[in-house]
Structures are given as C-alpha cells and as structure tokens.
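Following: one structure in structure tokens, then a few remarks.
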Amino acid sequence: MNEKRVAIVTGASRGIGRAIAERLARDGRHVVGVARSIDGLAGVGEAIAAAGGSFEPRACDIGDTKAFGELVEAVAEQHGRLDILVNNAGITKDGLMLRMSDEDFDLVIQTNLKSTFVACRVAGRHMMRGRFGRICNLSSVSGINGNAGQANYAASKAGVIGLTKSIAKELGSKGVTANVVAPGFIDTDMTAALPQGVKDAAMATIPVRKFGNVADIAAAVAYCTSDEGGFLTGHVLVVDGGMTM
Ligand code: NAP
C-alpha cells in the first residue's frame, strides 16, 4: 500500500489541472495525472519530480467512460487505496442553442458530466472501504448562472453540482466528502481562445478587476481535498473574484 494519500487529477497536462496536480504533490500526495496522451503529461511530471514530489502519468480519454472507470479501479487496486479524486478535465463546444447539434451536446455531457459520475462511482466504493475520501469536481460559473452560447457546457456543469451534492449526501456518513469548485474567468488555454470582446465584457463584471490564475483554483481544491476539510461537504466553492455574487 502506498504510504502517501493517493490522488487522481484529470486534465493534469495543462491549465487548472496541472496547477492542481503540482499543488497536491507539494502537499505530499502521490498524484496520478490523467490526460489524453502520456507525452502531454511529461512537463508536469518533470516539474513535480524537480520539486521532490510524486507523480504518475496515465493516458485516457475520459469521454470513454468505460476505460476511465477501469483506470480509476486500476489505480485504487495498484496502490491499495484511493483517497482523493479531482474531476477537472473538461471541454467546451460552444454555439447558440438553436443551432447546437445533438453531437456537440452529447460530447460535452459525456466528457464533463458522465465521466465525473463514473469516476465517482468507482472511487466512492474504494473510499467507503477506507473510511476516508475527498471528491472535488470542477464546475463553472456558467453552470450556476447559465451562459449564452454554452447550453451544453452550462448543463454539464450544473449537472456536476447536482451530482456532487447527491454524492455528499450518500457518502457523508462513510468519511467521504464531495465538493465542487466553480471557477470564474481564469487565464488558461480555454479562455485564451475567446474573442477579445468577450474577455472585455467579462472583466467589466468582476469586482476585483482581474482574471483569476490557476493557483487560485488549485488552492481551493487543496482545501476541499485536505484532511482538515472533513466538515466541508456538498459545498460549491465559487472562486470568481466576486463575478456571480
Ligand atoms: P484547458 O486549459 O482546456 O485544459 C483541459 C485539460 O483537460 C487538459 O489537461 C486536457 O488534456 C484535458 N482533457 C480535455 N479533454 C480530455 C479528455 N477527453 N480526456 C482526458 N483529458 C482531457 O482547461 P482549463 O481552463 O484548465 O479548465 C479546467 C476545468 O476548469 C474544466 O473542467 C473547465 O470547464 C473548468 N473551468 C475553467 C474555467 C476557465 O476560466 N479556464 C472557468 C470555469 C471552469 P489533453 O488535451 O492533454 O488531453
């Protein structure tokens, strides 16, 4: 059995997920980072190793929920424990609802929501057995307020909130907590792709007058998944510079 707490972090190759992986490794976790290719995880692996942390790369397309569930199972079996699950990987396929194809709707729900459900189901069983678990699922302010052009994404992220609260109620008595971190506008590849006009409009709605950085989100996830966080469950921690208040 691994002596460290074992944490799975999806989307660990870049952006918010990479920052979460680095932060949890710094906090002494053995981090299993997931992305679609092993090559994409090389950089984060090197950074964590250089800082003296413990990291293991795993390639998986989480939209293939069967393969992803098997990966979570294999990690728990291999290490004899699974303490922390961070469902961070997510995609967008933006477009106005009236023109949105079934394919674009289904792909986003499958990748952002169904994968989260499947991973929680597998992880939850192992965590219950160990009488300890910390699940942290990434939502978005779009999942709270809705967002024009993101019907599929907002539905998936609202779904993540309902899913997580239900898990919190089902597993709370077994030592397993489940929380959501809902980022506002964070500087990553995902937001870099947006037109300048959209970024300017977003900035005008943020009281602290800046976009967040990936470390802001990693810090929130670190708290939700910490040993000290045992009295926090079913919570939606909105980290958005005050945008949605
Ligand atoms: P990002 O920069 O686009 O990175 C996405 C990560 O997910 C990458 O590591 C990517 O890895 C991985 N990924 C994507 N599709 C995958 C798949 N099918 N299977 C496995 N891995 C996959 O995203 P981000 O901005 O860091 O966002 C992270 C999370 O925060 C997402 O859930 C997003 O919805 C949420 N969020 C972000 C913001 C924001 O402002 N950035 C705001 C609110 C919520 P590979 O490409 O290497 O596979």
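Whatever order the structure lists them in is the order used to number ligands and atoms, beginning at 1. Here the structure is a predicted model, which means the values were calculated and not measured. Computed from heavy atoms alone, side chains included, the values below leave out hydrogens, waters and symmetry copies.
- Residue contact annotation: Ser115 has no non-hydrogen atom under 4.0 Å from ligand 1.
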Working note: Thr164 + Asn137, criterion side chain to side chain donor-acceptor pair (under 3.5 Å); need CA distance, chi angles, decisive distance, verdict. CA-CA 7 Å; Thr164 308; Asn137 295 328; 3.0 Å; yes

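- Contact record, Ala25 with Ile48: CB-CG2, 3.6 Å, taken as the closest heavy-atom pair.
- Interface of Cys60 with ligand 1, defined as ligand atoms under 4.0 Å from a residue heavy atom, comprises 19 (N), 20 (C).
- Against a heavy-atom cut-off of under 4.0 Å, Ile91 is close to the following atoms of ligand 1: 14 (C), 15 (N).
- At a 3.5 angstrom cut-off on N or O pairs, Gly15 does not count as close to ligand 1.
- Taking atom 42 (C) of ligand 1 as the reference point, the nearest protein heavy-atom neighbour is Gly184 O, 2.9 Å.
- For ligand 1, the polar-atom distance check finds an N/O of Asn88 within less than 3.5 Å of one of the ligand's N/O atoms.
- Between the side chain of Ser139 and the backbone N or O of Lys157, at least one donor-acceptor pair lies under 3.5 Å.
- Taking distance alone, with nitrogen or oxygen atoms compared against 3.5 Å, Val34 stays at or beyond that limit from ligand 1.
- Looking at Thr188 next to ligand 1, an N or O pair under 3.5 Å apart turns up.
- The side chain of Lys157, and not its backbone, has at least one atom closer than 4.0 Å to an atom of ligand 1 (non-hydrogen atoms only; side chain from C-beta on).
- Residue Gly40 places no N or O, backbone or side chain, under 3.5 Å from any N or O of ligand 1.
- Looking only at heavy atoms of the protein, atom 19 (N) of ligand 1 is closest to Ile62 N, 2.9 Å.
- Given atom 11 (O) of ligand 1, the protein heavy atom at minimum distance is Ser13 OG, 3.0 Å.
- Between Asp189 and Arg14, at least one side-chain N (NZ, or NE/NH1/NH2) sits under 4.0 Å from a carboxylate O, which counts as a salt bridge.
- Nearest protein heavy-atom contact of atom 1 (P) of ligand 1 is Arg14 NH1, 3.6 Å.
- Nearest non-hydrogen protein atom to atom 12 (C) of ligand 1 is Gly11 CA, 3.5 Å.
- Proximity to Ser139 (heavy-atom distance under 4.0 Å) selects the following atoms of ligand 1: 35 (C), 44 (C).
- Two residues are said to be in side-chain contact when any heavy atoms from C-beta on lie closer than 4.5 Å; Gln150 and Thr92 meet this criterion.
- For atom 43 (C) of ligand 1, the nearest protein heavy atom (residue, atom name, distance) is Pro183 O, 3.3 Å.
- In Ala182, neither the side chain nor the backbone holds a heavy atom less than 4.0 Å from any atom of ligand 1.
- Interface of Ile186 with ligand 1, defined as ligand atoms under 4.0 Å from a residue heavy atom, comprises 39 (C), 40 (O), 41 (N).
- The shortest distance between side-chain heavy atoms of Val44 and Phe55 falls below 4.5 Å.
- Between His30 and the choices Lys4, Glu56, Glu3, the side-chain hydrogen bond (donor to acceptor under 3.5 Å, both in side chains) rule is met once, by Glu56.
- With values rounded to the nearest 0.5 angstrom, Ile167 atom CD1 is found 3.5 Å from Cys120 atom SG.
- Between Arg36, Gln110, Met190, it is Arg36 that holds the heavy atom closest to atom 15 (N) of ligand 1.
- When non-hydrogen atoms are compared, ligand 1 lies under 4.0 Å from the side chain of Thr191 (C-beta onward) but not from its backbone.
- Within the model, atoms CG of Asn152 and CG of Asn112 stand 8.5 Å from one another, a figure rounded to the nearest 0.5 Å.
- Residues Asn213 and Asp187 bring no donor and acceptor atom of their side chains to less than 3.5 Å of each other.
- Annotation for ligand 1: atoms under 4.0 Å from non-hydrogen atoms of Asp61 are 17 (C), 18 (N), 19 (N).
- Interatomic distance, Ile217 CD1 to Arg23 CZ, rounded to the nearest 0.5 Å: 12.5 Å.
- Between Arg134 and Asp227 no salt bridge is recorded (no basic side-chain N to carboxylate O distance below 4.0 Å).
- Classification of Lys66 and Asp64 as a salt-bridged pair fails, no side-chain N sitting under 4.0 Å from a carboxylate O.
- Residue contacts with ligand 1: Ser142 is excluded, as none of its non-hydrogen atoms falls under 4.0 Å.
- Taking atom 27 (O) of ligand 1 as the reference point, the nearest protein heavy-atom neighbour is Ile16 CD1, 3.9 Å.
- Rounded to the nearest 0.5 angstrom, Arg18 CZ and Leu41 CG are separated by 9.5 Å.
- Residue Tyr153 has at least one N or O atom closer than 3.5 Å to an N or O atom of ligand 1.
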